[in-house]
Amino acid sequence: MRLSFILKQTFINLWTARLPALVAVFTIGISLSIVIGMGLLGYKAFTSFDLFQDKFEIEVFLYPNLNRDEITHIQNKLADIHQIKMINYISKEEAARIFKEEFGEDIHDILDENPLPPSFNIKLYKQMTHPDIVENVAKRISEFQGVEDVKYHKEILILIEKYIRLITLVGIGVILALIIAMNILIRNTIKLSVYARRKQIAILQQLGAGGLFIRLPYILEGILEGALGGAFAGFLLHLSFQVINFSVQYIFDVSLAFSPLIYTVSIITGALMGMFSSSRAAKSFMYLFARDDY
Amino acid sequence: MRLSFILKQTFINLWTARLPALVAVFTIGISLSIVIGMGLLGYKAFTSFDLFQDKFEIEVFLYPNLNRDEITHIQNKLADIHQIKMINYISKEEAARIFKEEFGEDIHDILDENPLPPSFNIKLYKQMTHPDIVENVAKRISEFQGVEDVKYHKEILILIEKYIRLITLVGIGVILALIIAMNILIRNTIKLSVYARRKQIAILQQLGAGGLFIRLPYILEGILEGALGGAFAGFLLHLSFQVINFSVQYIFDVSLAFSPLIYTVSIITGALMGMFSSSRAAKSFMYLFARDDY
Amino acid sequence: MITCSKLTVNFGNGEGIRNITTQFYEGDFTLLLGPTGCGKSTLMRVMYMDILPSKGYISIRNWDSRKISKRQILKLRQGIGIIFQDFRLIENLNVFENVALPLIMTGHSRKAIHERVSVILDEVGLLETWRQKAGSLSGGEKQRVAIARAIVKKPFLILADEPTGNLDPEAANTVFELLKKINALGTSVIMATHNYTLIEDTDYRRIYMENGSLVDL
Amino acid sequence: MITCSKLTVNFGNGEGIRNITTQFYEGDFTLLLGPTGCGKSTLMRVMYMDILPSKGYISIRNWDSRKISKRQILKLRQGIGIIFQDFRLIENLNVFENVALPLIMTGHSRKAIHERVSVILDEVGLLETWRQKAGSLSGGEKQRVAIARAIVKKPFLILADEPTGNLDPEAANTVFELLKKINALGTSVIMATHNYTLIEDTDYRRIYMENGSLVDL
Ligand SMILES: Nc1ncnc2c1ncn2[C@@H]1O[C@H](COP(=O)(O)OP(=O)(O)OP(=O)(O)O)[C@@H](O)[C@H]1O
Ligand SMILES: Nc1ncnc2c1ncn2[C@@H]1O[C@H](COP(=O)(O)OP(=O)(O)OP(=O)(O)O)[C@@H](O)[C@H]1O
Ligand SMILES: [Mg+2]
Ligand SMILES: [Mg+2]
């Protein structure tokens, strides 16, 4: 009888105290969607630095008078360096085209012969773009025979490094702060919703009811509210993803993929938070002795 | 007597229902600090695009055979274009230095004479970096006498434009969503805190008490809680600014300036939100007729 | 002054009051008698319009349940002194404030309130406990605060729902004498009670209810 | 069975109970009498350890207020049937559930609960209203639910705080007879009451209180 009564009481409580129940669901839903949403957004922003890292390249200038074999030899040696993702050979002619772009003059108009050196344009794996690693690689390459000079934008590299560190730091800070904040909000809301029913708890204690008998209905209620709140959070995120995709498609043709896993995660998180919050809240109003001050 | 009683009752309520009062203060504090904090962070991120916009330049290549006066004449005409912020003359020698940097060869080693053209390096005001405006300016300059060619990175410009639009859009969306969400959370919390005292309101109505007599203590309580919550939000933001500055100083030597205005804004916003929320909440529990269902 | 005509309140579970037609006259002291659950409190709730009748109507002075506005309901209640069966004190206010409430609400001056409340508290024997929070009073003390709050505003009608249930015979007598005195000064009183010993020597009009209806004895 | 020794409860405002030394014997029916505010309810609250004494001690069977643990307090309360002066029903549960609560709590079977609760509800005359939510009952109905809830678990001690304040004489009598019958079966009863008519024909032990102390008449 005990369990069925507790179940029944849970639903009676949910119905007679539907305002606090609804508020709890909303709070959990909104809080979870903010935390998860900001987390995903932060992650997206973080990974979009790939774009900049992808643009980073090292230029390896060769002596102008090397023959085919020597160039192939250097290319093979470059291919052996495991940090390197892509090697692009820029011939003298290609260099002339670039010169025209940079200086607005055709080198062939000025001179009979093309004095520009051939070069390799190298891209590294994006995990390998830390300034120290790049410096190391550049140094190694510069010692190859036939390589005249190795150039890359060191300052930009350091700047991007710094930005990544900044975004990681601030991002993690913000997410952590949000997690703490939302946790406080959820716990407080549930505490208030139990507070509104503290006299019931007091009566049960005066009848000699023990711990779990009083708390279980609240715990179950918390789980239900949390799960519903989690589902609501999933729905809100789903919706925002679609709104974002819809509005962003006019700017970029990327789109965020909504994973159904998000529903699972937020429902489980919500249920757990609801459970712990209401268990604690119920406990905090279980005064064994009478209080006249409320 | 009425007013002094209402004042007294406000404080009695705050004291006897200190749990809901504290919860309201916390909720308002946390919510406001999140909204304001994210707003400031978003704004900071938005303006940090200046860095990229600042890097944007137009290169104006001149014919190699212009004399001093002709060059000065062009420079004066450039200075007349109001979109232009900075004009930098790059002489043939300067160009040679750049060539050496770009191609790893000293042009003087290859040739007796320096064939590189002089140029102007132009920066626009950052409000003027929209692709259309830039194209317009470039076209105007290219029609100047003595100008051989005008070059700029059109694709990068368009990309940055897109990113700015993206960040603006997503940023405003997130901030709006946060404002709505936090507003809901604050209103719900205050509603719950009044809900816990709904019987008191019912009793007053049964004694024939009218609207404002019942609501005023709650309104005042809301204002107080809101102002306290706002101050708490200001404190949280102040603290986070310092934490961020402290941790970021190892990466960048910029620092966020905390304006005391933030306190003013958050206290006033908090007080207003507290006022409206509790006024509405109190009203929603003013049932003229008895209810047995709660 | 009060006219009930085919007054019916239906709670949806077969309970309530049924088809009550009667009149209460200005200045009368009326005793409402009947077994528990017969509908006395419900009839009183209709009188201060806490419930509106499902059928029939009630009119009190110029207020008619069929066309009364919200504002007028509050006005009506300000004119009626209600002693609720379950007291309904504001627990976090003290005795003085609870009793003063109806006067504060209608904007009396501080001085007038102090004088009036002191007199009333003295009459119900609570002058010394004026500072105590209502929530911590004994049952009988609460009941006396409820009585004091009802009569403090000099209402035209007092609805006393079981006003002596938690009082010892002596205190009950004091309260009854008080109500009699107020009635003698012109206030109408309707009192529901189970305390037959208390009322046995009075010749006030008695109305008997049973099962939601009036009965003639 | 119950020993009070120099029992004192101090509320900090001069009220409370003072220096009570007495004994209540197993199986006795004791009447606790005295004017409102004399400390009857407070004494009962000490008996179910809702307040612990400021000075002195109380011991009930093997439980002693000086060294009782939290778990034992709950155990003690499960053995005492308390009729609270203000009922303390769970308003959103129905009559049946309110009465069944003490049995559900201690893990009785569904069948046992149904049988027992039906019998008790019949005895207090509420069998037909078993489905109604406690919050919407009349004063007298609430009081009878509170009585039913106190006796349903066959406690070793019943604390009845003004159990007939909201009952008509007939219902009051039924309840009193019920308590008598239960007492005759061995349960100790301590009853605070102002209803002298009800008890005038009994020769139960009477304890008089005044101003927080026992008085000899
Ligand atoms: N809101 C409600 N919903 C359902 N039934 C109700 C409601 N309020 C009252 N009742 C029922 O209506 C009947 C009359 O109730 P009422 O409170 O008027 O009785 P009463 O005469 O005041 O009794 P008592 O002397 O016990 O106070 C009771 O049976 C009660 O259960
Ligand atoms: N928590 C408290 N704080 C302060 N005073 C209190 C508190 N509880 C009770 N009192 C006071 O202690 C005295 C005894 O109260 P108690 O409730 O025991 O009286 P009682 O004998 O039950 O009276 P009644 O017959 O009216 O129910 C009263 O004067 C009351 O105001
Ligand atoms: Mg009644
Ligand atoms: Mg008492």
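The figures that follow rest on heavy atoms only: side chains count, while hydrogens, waters and symmetry mates do not. Residue numbering restarts at 1 for every chain, and letters A, B, ... go by the order of the sequence lines.
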(request) Please flag which part of Val174(A) lies under 4.5 Å from any non-hydrogen atom of chain B: side chain, backbone, both or neither. (result) side chain
(message) Quick check on Val170(B) against chain A: is it the side chain, the backbone, both or neither that has a heavy atom closer than 4.5 Å?
(response) side chain
(message) Among Ile186(A), Val23(A), Ile30(A), which residue satisfies the side-chain contact (heavy atoms from CB on, under 4.5 Å) criterion with Leu185(B)?
(response) Ile30(A)
(message) Looking at Phe235(A), I'd like to know if its CZ atom is crowded, meaning that more than 12 non-hydrogen atoms belonging to other residues, nucleotides or ligands lie closer than 6.0 Å.
(response) no
(request) Name the option with the most non-hydrogen atom pairs under 4.5 Å to chain B; the candidates are Ala196(A), Ala181(A), Pro20(A). (result) Pro20(A)
(request) Using a cut-off of under 4.5 Å on heavy-atom pairs, state which of Ile244(B), Ile180(B), Val243(B), Leu169(B) scores highest against chain A. (result) Leu169(B)
(message) Can you confirm whether Phe144(A) is buried at CZ, in the sense that more than 12 heavy atoms of other residues, nucleotides or ligands lie under 6.0 Å from that atom?
(response) yes
(request) Evaluate the side-chain proximity of Met38(A) to Ile34(B): yes if any heavy-atom separation is below 4.5 Å, no if none is. (result) no
(message) Please classify the contact between Ala17(A) and chain B as side chain, backbone, both or neither, with a heavy-atom cut-off of under 4.5 Å.
(response) both
(request) Side-chain contact test, heavy atoms from C-beta onward, threshold under 4.5 Å: evaluate it for Thr189(A) versus Asn188(B) and give yes or no. (result) no
(message) With a 4.5 angstrom heavy-atom cut-off, is it the side chain or the backbone of Ser31(B) that approaches chain A, or both, or neither?
(response) side chain
(message) With rounding to the nearest 0.5 angstrom, report the NZ to CG distance, Lys191(B) to Leu22(A).
(response) 9.5 Å
(message) Between Leu41(A) and chain B, with a heavy-atom cut-off of 4.5 Å, which part of the residue counts as in contact: side chain, backbone, both or neither?
(response) side chain
(message) At a 4.5 Å cut-off on heavy atoms, which part of Leu166(A) comes close to chain B: side chain, backbone, both, or neither?
(response) both
(request) Any chance you could measure Arg197(B), atom CZ, to Tyr195(A), atom OH, to the nearest 0.5 Å? (result) 6.5 Å
(request) Decide if atom CZ of Phe26(A) counts as having more than 12 heavy atoms of other residues, nucleotides or ligands within a radius under 6.0 Å. (result) no
(message) What part of Leu178(A) gets within 4.5 angstrom of chain B, counting heavy atoms only: side chain, backbone, both, or neither?
(response) side chain
(message) Nearest 0.5 Å, please: how far is CZ in Arg165(B) from OG in Ser247(A)?
(response) 11.5 Å
(request) Let me know if Ser193(B) has heavy atoms under 4.5 Å from chain A in its side chain, its backbone, both or neither. (result) both
